[in-house]
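Only heavy atoms go into these numbers, but all of them, side chains included; no hydrogens, no water, no symmetry mates.
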Amino acid sequence: MRPVLFFDSGIGGLSVLAAARALMPQMPVVYTADSAGFPYGTRPEGEIAARVPALLGRLVERYRPHLIVIACNTASTIALAAVRAALDLPIVGTVPAIKPAALVSTTRAIGVLGTQSTVRQAYVDNLTHEFAGDCLVLRHGSADLVAAAEEKLRGHPVAPGRYRAALDGLLGQAGGDRIDTVVLACTHFPLVEAELAAASPRTLRFVDGSAGIARRIAHLTRDRAWPATPAPGVAVFTRLGEAEHALAPALAAFGLARIDAL
C-alpha cells in the first residue's frame with residue numbers, strides 16, 4: 001500500500017498530519033523532516049527552491065508515495081510549482097489561511113504570523129488582495145517561535161516571554177490593537193497555539209489551514225482502500241542525531257513508530 005508522504009523542514013507538519021489522520025486514521029504515512037536544512041524560514045529562497053524538489057525526488061524513489069503533502073508554508077510558497085513540474089504525483093501544498101481568517105474576522109483586522117520567508121512572499125499579497133481586500137492585514141515573521149515549537153516537542157521548557165514576543169511583533173504594529181484573528185502561517189505554530197493564547201493580552205481567534213488540507217487529501221485519496229490495520233508510520237530525517245532521536249516520544253504520539261535516515 002503506497003503511503004501519503006508529508007514533508008516539512010522540521011516537526012511543524014505534524015499539525016497537518018494530525019488533522020489528516022483524524023479524517024483517515026488508517027492512512028499509511030511517511031513523515032519527512034529536513035533536519036539538515038532546518039530552519040527554512042531564514043534560508044535564501046533560491047536554496048529552498050533547489051533543495052525541496054531534489055529531496056522529494058529521493059523520497060519518491062525510496063518510499064513510492066501515492067501523494068505528497070508539502071506541510072510547510074515556506075516550502076510551499078517558494079517551491080511548490082517546481083515540485084509539481086518535477087514529479088508526476090499529486091502534490092498538496094500549504095498556504096496561509098487568509099481566506100478563512102477574513103471570513104471570521106469581525107474587526108476586519110488580521111494578523112499573519114509566519115516565518116520571515118513566508119510573510120514577505122508575493123503569494124501572501126495575492127491572497128490578501130483576493131480574499132481580504134477590505135481588511136487590514138499585518139504580518140510578522142518569527143524564527144524563534146519555530147524554534148520554540150521544536151523545543152516543546154522535545155520536552156524542553158519554553159519561557160512564556162518568547163510567545164509574548166512573537167505576538168508583540170503583530171499586536172505592537174500600528175493598527176495591531178484592532179486585530180481579532182491571527183493566521184498561523186507556519187505549520188509549527190498550531191503546535192503552540194495554546195501557549196500563544198495564554199500569552200496574548202486579549203482573546204484572539206487563531207486560524208490555520210490544517211483542516212482544509214486534510215479535506216483535500218481525503219478528496220484526492222477517495223478511491224483508495226486503506227488497509228484495515230496499517231503499518232506504523234515512518235518518520236524520516238535528513239540528519240539523524242541525538243536531537244532527532246529525542247523526538248521519538250512525540251513522534252510516537254502522532255503514530256510514527258519508526259525512525260529512518262535519508
Side-chain angles (χ1 to χ4, degrees), residues 1-9 11-33 52-53 55-57 59-60 62-104 112 114 118 121 123-124 126-128 130-132 181 183-191 193 205-236 254-256:
M1 176 62 68
R2 297 169 66 186
V4 173
L5 190 148
F6 292 76
F7 178 87
D8 186 24
S9 63
I11 50 79
L14 294 174
S15 64
V16 179
L17 172 59
R21 270 271 171 84
L23 284 183
M24 296 157 285
Q26 295 169 306
M27 173 181 63
V29 167
V30 172
Y31 180 91
T32 301
V52 172
L55 283 174
L56 285 172
L59 289 161
V60 167
R62 178 182 292 189
Y63 296 102
R64 300 187 65 250
H66 172 69
L67 177 148
I68 293 173
V69 182
I70 303 180
C72 172
N73 289 87
T74 300
S76 293
T77 54
I78 293 173
L80 183 59
V83 172
R84 285 177 169 158
L87 299 176
D88 188 21
L89 284 173
I91 311 292
V92 177
T94 306
V95 298
I98 291 174
K99 179 180 179 180
L103 290 174
V104 300
V112 179
T118 295
Q121 292 299 315
Y123 201 103
V124 179
N126 296 337
L127 289 171
T128 300
E130 184 173 0
F131 299 114
T181 305
V183 178
L184 299 178
C186 172
T187 54
H188 280 77
F189 297 171
L191 299 174
E193 180 179 337
R205 184 193 300 265
F206 294 97
V207 177
D208 70 84
S210 59
I213 298 166
R215 291 192 295 271
R216 181 62 178 161
I217 298 167
H219 174 73
L220 291 172
T221 60
R222 62 192 181 279
D223 296 329
R224 305 290 289 180
W226 302 125
T229 306
V234 181
V236 184
F254 285 87
L256 303 172

Any side-chain heavy atom of [X] sitting closer than 4.5 Å to one from [Y]?
X: Arg2; Y: Leu89; value: yes
X: Ile68; Y: Val60; value: yes
X: Cys72; Y: Thr94; value: no
X: Pro65; Y: Leu59; value: no
X: Leu14; Y: Tyr31; value: yes
X: Met27; Y: Ile217; value: yes
X: Ile91; Y: Leu56; value: no
X: Pro96; Y: Asn73; value: yes

Q) Counting N and O atoms only, with roles assigned by atom type, does the side chain of Thr187 sit under 3.5 Å from a partner on the main chain of Ala71, one being a donor and the other an acceptor? A) yes
Q.
Please check this pair: side chain of Arg222 against backbone of His219, looking for a donor-acceptor N/O pair closer than 3.5 Å.
A. yes
Approximate separation, where rounding is to 0.5 Å, of [X] [atom1] and [Y] [atom2]:
X: Glu130; Y: Ile98; atom1: CD; atom2: CD1; value: 10.5 Å
X: Asp8; Y: Ser15; atom1: CG; atom2: OG; value: 8.0 Å
X: Leu103; Y: Thr181; atom1: CG; atom2: OG1; value: 10.5 Å
X: Gln121; Y: Asn126; atom1: CD; atom2: CG; value: 10.5 Å
X: Ile70; Y: Leu80; atom1: CD1; atom2: CG; value: 5.0 Å

Using every non-hydrogen atom in the two residues, find where [X] and [Y] come nearest and quote the distance to one decimal.
X: Thr77; Y: Thr74; result: OG1-O, 3.1 Å
X: Val183; Y: Ala101; result: CG2-CB, 3.5 Å
X: Ala19; Y: Ala211; result: CB-N, 4.3 Å
X: Val95; Y: Leu127; result: CB-CD1, 4.3 Å
X: Gly209; Y: Ala97; result: N-CB, 3.9 Å
X: Pro53; Y: Ala82; result: CG-CB, 4.0 Å

List in chain and number order the residues that pass side chain to side chain contact (heavy atoms under 4.5 Å, CB included) with [X], two or more places apart in sequence or in another chain; answer none if no residue qualifies.
X: Leu55; result: Phe7, Asp34, Tyr40, Arg51, Arg58, Thr238, Leu262
X: Ala22; result: none
X: Leu23; result: Ala214, Arg215, Ala218

**Q.** side-chain contact (heavy atoms from CB on, under 4.5 Å) evaluation trace for Val236 with Tyr63
**A.** CA-CA 10 Å; Val236 184; Tyr63 296 102; 3.3 Å; yes
Should we say atom [atom1] of [X] is surrounded by more than 12 heavy atoms from elsewhere, each under 6.0 Å from it?
X: Tyr123; atom1: OH; result: no
X: Arg64; atom1: CZ; result: no
X: Arg224; atom1: CZ; result: yes

